[in-house]
There are 2 protein chains.
Amino acid sequence: MDSYLNGHRVLVALDCIIFGFDGKSLKLLLIKRNFEPEVGKWSLMGGFLEENEALQSAASRILFTLTGLHNNYLEQLQTFGAVDRDPVERTISVVYYALVTIDDQDPVTLQAHNASWIDLADKPALIFDHDQMVETALRQLRYKAAMYPIGFELLPEKFTVPQLHKLYEAIYGVQLDRRNFSRKVIATELLRGTGEKDETSLTKKGQLYALNTEKYQAYLNGYATFMPELAELAKP
Amino acid sequence: MDSYLNGHRVLVALDCIIFGFDGKSLKLLLIKRNFEPEVGKWSLMGGFLEENEALQSAASRILFTLTGLHNNYLEQLQTFGAVDRDPVERTISVVYYALVTIDDQDPVTLQAHNASWIDLADKPALIFDHDQMVETALRQLRYKAAMYPIGFELLPEKFTVPQLHKLYEAIYGVQLDRRNFSRKVIATELLRGTGEKDETSLTKKGQLYALNTEKYQAYLNGYATFMPELAELAKP
DNA sequence: TTGTATTGTGTAAATTTTACACTATATATT
DNA sequence: AATATATAGTGTAAAATTTACACAATACAA
């Protein structure tokens, strides 16, 4: 068998939801389009699947193009396939979401693509079905960040427990008791004390921790659930 | 803008994991292929996306073709996009999973496709990346069935609590305390007593319940989490 | 030195989960 | 008809977890 005859072949788009955290709120990397179609409107970063390119590689390429970053957390979310989702031509879009550290960005690359970090709360309306993609991605992030400690992917290498606490409040949009949260995180044994303190603080300086990478891998492989009670917040 | 020039267009396959429950164990509807490629081997039911057809509609069509059923629980799982996943031609496959009641099947349609219900524990090796699809689907089913009461989609209209209990044990592959499970399910208010009893039982006949559809909708919309503690069993 | 903001530790009440004893119903067997 | 066996259904207490909040420690500014 050489090929499937009579098959209908379609253009495969990829769109990427890029999450970041600035210490206060959850952010999205969005682009104000300086190209067709829908020039002037806001959208996710996207592209098309190329010949001899795996989906995951294509998503990785698109993320790299915009941010200059490799090896970030990048996971497939879902594929959007309404017939008229793109008025230009029938496409399906395979959507990925990425977690990146905002500081690691190359500002020149960002500016070249007319991209900026937007507070999730201030998100403008996006083109096509991109709003729905963001909604789905946030739900998936909430689920994954409860089951696995992937939130760390949004923080710099060294961080304090209060920073982690603010991150999780931002992800779930709720208040979490600071003291109970701290104890729970410490109990996971995911943190390795560095002995350093957060010198940027204006008040009491918190202890800086780094990720215990072995434990982290164990958690990713299902060794235990990171914060099971948060999974309930990943609902419609 | 009339079309995207220079874009690479690919064949979009769809594959469908169909779960069923026979009262004892979780089953998969698999086909022993009587057509090319990979004739004679086991695989999931699949097909190709057609022109002017939404992904969800295509999945629904494929499910209907095999089972004669409409309006089943059918949810998109993930898209598989390795370059060489199909040796015949480069394709990507959008995978859906369905929950159906085994009794509702049309045996003639099943036989025409050479399809049979196989115990999940006895699953033969499948073609291409279909084994991986099944593994991912089972994980997703475990997650969803913990958060939302979708397990009911696998049971007949009227069922007893012990039947539901056996179903959940089959889904998660663990023993769940019969008595605690029963109380927890009753507490969800998802069950409406019918006053009838399970006459097929050889010993004490259990009370037959039906689903409270309003509550069911509420749970699907995030009103509450069905069985949060089971979510932890949805891990690699 | 005092006031304010934040970090970090202690602890008890409330809730949920877990484990298991016991009763009830139906059929088969003696 | 009595007894044995299997499954359905109810009760309850111990264990574990979650939640709520008191209090102490650190850093800087006024």
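Order of the sequence lines sets the chain letters (A, B, ...), proteins ahead of strands, with each chain counted from 1.
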Rounded distance (Å) that lies between atom P of D/dT18 and atom CD of B/Glu229 | 12 Å
Between atom NZ in B/Lys184 and atom P in C/dT18, what is the gap in whole Å?
-> 6 Å
Using a strict 4.0 Å threshold on nitrogen-to-oxygen distance, state whether B/Lys24 and B/Asp22 make a salt bridge.
-> no
Roughly how many Å is it from CZ in B/Phe181 to P in D/dT7, rounded to a whole number?
-> 17 Å
Rounded to whole angstroms, how far apart are CD on B/Glu199 and P on C/dA26?
-> 9 Å
Round to a whole Å and report the spacing from CD1 of A/Ile186 to C1' of C/dT7.
-> 12 Å
Does B/Lys204 get its side chain close enough to the base of D/dA8, under 3.5 Å, for a donor-acceptor pair?
-> yes
Does a side-chain N-to-carboxylate-O contact under 4.0 Å join B/Lys184 and B/Glu229?
-> yes
Could you state the atom-to-atom distance from CZ of B/Arg179 to P of D/dG11 in whole Å?
-> 14 Å
Between A/Leu202 and B/Gly206, whichever has its closest DNA chain D nucleotide further toward 5' is B/Gly206
Rounded to whole angstroms, how far apart are CZ on B/Arg178 and P on D/dA6?
-> 14 Å
Residue whose closest nucleotide on DNA chain C lies nearer the 5' end, B/Pro228 versus B/Ser201 | B/Pro228
Any side-chain heavy atom of B/Glu189 within less than 4.5 Å of one from B/Asn212?
-> no
Within the modelled atom types, does a donor on one side and an acceptor on the other bring the side chain of A/Arg183 and the base of C/dG10 under 3.5 Å apart?
-> yes
Is the closest basic N to carboxylate O distance between B/Asp198 and B/Lys158 below 4.0 Å?
-> no
Spacing of B/Lys205 atom NZ relative to D/dA8 atom C1', expressed in whole Å | 12 Å
